[in-house]
Q: 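Please find one structure pasted underneath; my questions will follow.
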Amino acid sequence: MSAQLQFEVEHYRRWRDELAAAIEDYQSWLDSAGEVDAQQSLRIFDVLENLKKDRLVLAFVAEFSRGKSELINALFFSDFKQRLLPSDVGRTTMCPTEIFCDPGEDPYIRLLPIETRYRQESIAALKRLPVEWVKIRLSPDAPDEMLAAMHSVAQKKRVSMHDARALGLWDDKDPDLKEMALPDGTVEIPAWRHALVNYPHPLLKSGLVILDTPGLNALGSEPELTLSMIPNAHAVLFLLAMDTGVTKSDMEIWHKYIRRFVPHRLAVLNKVDILWDDLKPWEEVQASINKQLDDTARLLELPRANVLAVSAQKALLAKVRGDELLLRKSGIQAVEALLAHSIIPAKQQILRLAVVREIGAMVEASHQSARSELAAVRHEIKELVALTGKNREAIKKLLDKVQADKMRYEQTVKSFNIAHGEISRQGRALMASLDSEKRADMLKKSRNAIEDCWTTNGLLRGMQSLFDQATLQFDKIHHHAGQIKGLVDAAYRRFHEQHGFARLSPPPLNLERARQGLLDLAQQTGEFCNDPLNIMTEKHFLIRKFYTGLVASADIVFDQARSASKSWLSASLAPLMTQIHDYKRQIERRIATVRQIHDNVDTLEDRINDLVRRQTSLLKQNQAIDSIRDKINQE
Ligand SMILES: Nc1nc2c(ncn2[C@@H]2O[C@H](COP(=O)(O)OP(=O)(O)OP(=O)(O)O)[C@@H](O)[C@H]2O)c(=O)[nH]1
Ligand SMILES: [Mg+2]
């Protein structure tokens, strides 16, 4: 395993842990300042939970036999000194395999029987039902047992054509499936639908998750993989092989599943050792590899720097044997460097921005509040020092002034309450339109209607119209959320302009991502409905494929929009409310102080000393909050 990659992943993990520690500090600061409300606590708790659950998913996707499993072995599992994942000619990996480390449990491989495809639940839902999985314990110290257990991901079974069809794994008209048919009329299908491997490995312990996939053209049959697992991966390594060149089906996979859907894409041209030729000068070999890389970058429309040549097989061999020269020749170090220097920092940035989105405004408000408190105390000290040696008349004047300020504050609160009432009312209406039970009900009705369709054409029209409706509904929600945001912005502006509050920005509301997700799905629905293979698929299966794939993904998009709106609504006014609350506290304290002095001029010096002490402690608080703020905003 590369020291560089290990270093970067470890660095990333440390940064994440420090960020979590800074947020915990912030939480205890809030607690000690007595400023925390239930909503804010919950938000901080959520952020901390998400930081703990954070994973960096790296998916390996390609047509069969391009060397995905071999590359994973070479990149991550050479310390095992053998081929951990089965890698062989022809189709080898038969089910999507997630490899991660959960130190809370002993190493295992859990396998989901292919028969679960008969049921409605998604793989994501089945992950929460351990009884549905076959679990094999792994003993990393017993290599033979390990290999036998890992071989499960390549296991196949024979079933009748009728069963294969019923499982949605056989279609008479699909030429890609022909090779699965056996002479006796049975069909070879994968024995398992999904595999989860809990393996103790330092990189995986740091939160890296590897997703090995079976040759993709066979994979269209597991929509969850292509619609959710691959698009949700943080980066995809797309493999091509030197022995086949870039084929039509490679390009199909690239366009259909990767190009538009994954933010970080690397292409790896594997098996370059085929070009190695001891009778040719190395420069000549290198030039021909470079030409292939240029062509590939152009074909895939990728930056040239994201396309690399490698020999996974030689890299694994070199690592097992400790052969430095071969390792360098294999090209794997460039893949490791790219992962270390571009993918991991990009992931860090995404996570940091997510934290800023969740609690950035809250930390900013605390920062403002600590500063305004300090400014208020400084101002009071000045006011009181100016009173030294003055008569009662002057003190009375100050008291009147402070009381006038208080009246002004009360006006402010009145106008805030009106704005708050309106925003809450609109917020409730928005949440009602995103209600998940209502949506489930609507989907059930649509499914009944679609199942009643007589013709395939009618069926496909029904599917298309379901997505048209969903897009329309989302646009309405988007528009409504925009209107509420307008009200919130206006409230902030008013307090700044009319009441002299420090300028704060409300937390941003971001439904753009969900909207883009839905647009992508709508486009995929169009493709789904025009796919000749689907037009010929048996109706019952087509409907199930549509609902467990596209509709389930759209449902997730709506859920994302719902939880983003919910947390935004509860946080949108919080910074302003904190400001108002701070102002109230400051003004009441000022009145009490001036009144005391008014009643007894001799207490003036004591009050000044109190304030100076308070100023010292506030300075410390300001420093603490600044350091938390720096950590969260640190690039
Ligand atoms: N010459 C050469 N052969 C390789 C290289 N990498 C993999 N292979 C061979 O290519 C074949 C396929 O490799 P796998 O790792 O099983 O490919 P895969 O992409 O995981 O294939 P599926 O699991 O079927 O989707 C095996 O026979 C490997 O030994 C390489 O760098 N050079
Ligand atoms: Mg494989």
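Quantities reported herein were computed from a predicted structural model and do not represent experimental measurements. Order of listing sets the numbers, starting from 1, for every ligand and every atom in it.
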Q: Ring-plane angle category for Y199 and H201, please: parallel below 30°, perpendicular beyond 60°, tilted otherwise.
A: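 Ring orientation, 0 to 90° scale: tilted.
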Q: Only heavy atoms count here, so choose which of S87, G215, A315 is nearest to atom 15 (O) of ligand 1.
A: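 Nearest option to atom 15 (O) of ligand 1, by heavy atoms: S87.
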Q: Return yes or no for this condition: an N or O of N270 is under 3.5 Å from an N or O of ligand 1.
A: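 Yes, there is a polar N/O contact under 3.5 Å.
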Q: Does S65 have a heavy atom less than 4.0 Å from any atom of ligand 1?
A: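 Yes.
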Q: Mark yes or no: K68 above the aromatic ring of F60, with NZ or CZ under 6.0 Å from the six-membered ring centre and no more than 45 degrees from the axis.
A: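 Geometry flag: not set, cation outside 6.0 Å or 45°.
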Q: I'd like the name of whichever of E63, M242, R91, K68 reaches closest to atom 25 (O) of ligand 1 through any heavy atom.
A: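 The nearest heavy atom belongs to K68.
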Q: Heavy atoms, side chains only, cut-off 4.5 Å: are I343 and L338 in contact?
A: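 A side-chain contact is absent here, since even the closest heavy-atom pair is not under 4.5 Å.
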Q: Check whether any N, O or S atom of S69 sits under 2.8 Å from the Mg ion (ligand 2).
A: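 S69 does place an N, O or S atom closer than 2.8 Å to the Mg ion (ligand 2).
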Q: Using the six-membered ring of F100, assess whether NZ or CZ of R55 lies under 6.0 Å from its centre and within 45 degrees of the ring axis.
A: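 No, R55 does not lie over the aromatic ring of F100.
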Q: Mark up the atoms of ligand 1 that fall under 4.0 Å of a heavy atom belonging to G90, in ascending order.
A: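 Those atoms are 24 (O).
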Q: For the residue pair W133 and H194, does the interplanar ring angle fall in the parallel (under 30°), tilted (30 to 60°) or perpendicular (over 60°) class?
A: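 Judged by the thresholds at 30° and 60°, the geometry between W133 and H194 is perpendicular.
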Q: What atoms of ligand 1 come within less than 4.0 Å of a heavy atom belonging to V89?
A: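 So the atoms of ligand 1 that pass are 26 (C), 27 (O).
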Q: With a 4.0 Å heavy-atom cut-off (strictly under), which part of S69 contacts ligand 1: side chain, backbone, both or neither?
A: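 Both backbone and side chain of S69 come within 4.0 Å of ligand 1.
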Q: Is it true that atom CZ of R304 has more than 12 heavy atoms of other residues, nucleotides or ligands lying nearer than 6.0 Å?
A: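 Enclosed.
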Q: Are side-chain heavy atoms of L266 and L339 found at a separation under 4.5 Å?
A: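 Side-chain contact under 4.5 Å: yes.
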Q: Are there more than 12 heavy atoms of other residues, nucleotides or ligands under 6.0 Å from atom NE2 of H264?
A: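 Result for NE2/H264: enclosed.
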Q: Does G67, backbone or side chain, put an N or O under 3.5 Å from an N or O of ligand 1?
A: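 Checking ligand 1 against G67, an N or O pair does fall under 3.5 Å apart.
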Q: Test side-chain contact (heavy atoms from CB on, under 4.5 Å) on Y118 and L167; report intermediate values, then the result.
A: CA-CA 6 Å; Y118 283 125; L167 282 162; 3.7 Å; yes
Q: Taking both backbone and side-chain atoms of A312, is any N or O found less than 3.5 Å from an N or O belonging to ligand 1?
A: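 Yes, there is a polar N/O contact under 3.5 Å.
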Q: Taking 4.0 angstrom as the limit and counting only heavy atoms of D273, give me the atoms of ligand 1 inside it, by number and element.
A: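 The atoms of ligand 1 under 4.0 Å from a heavy atom of D273 are 1 (N), 2 (C), 30 (C), 31 (O), 32 (N).
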Q: Could you tell me whether the Mg ion (ligand 2) has an N, O or S atom of T93 under 2.8 Å away?
A: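 For T93, the answer is yes, given that an N, O or S atom comes within less than 2.8 Å of the Mg ion (ligand 2).
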Q: Regarding atom 10 (O) of ligand 1: of the candidates E70, K271, K314, Q313, which has the closest heavy atom?
A: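 The residue whose heavy atom sits nearest atom 10 (O) of ligand 1 is K271.
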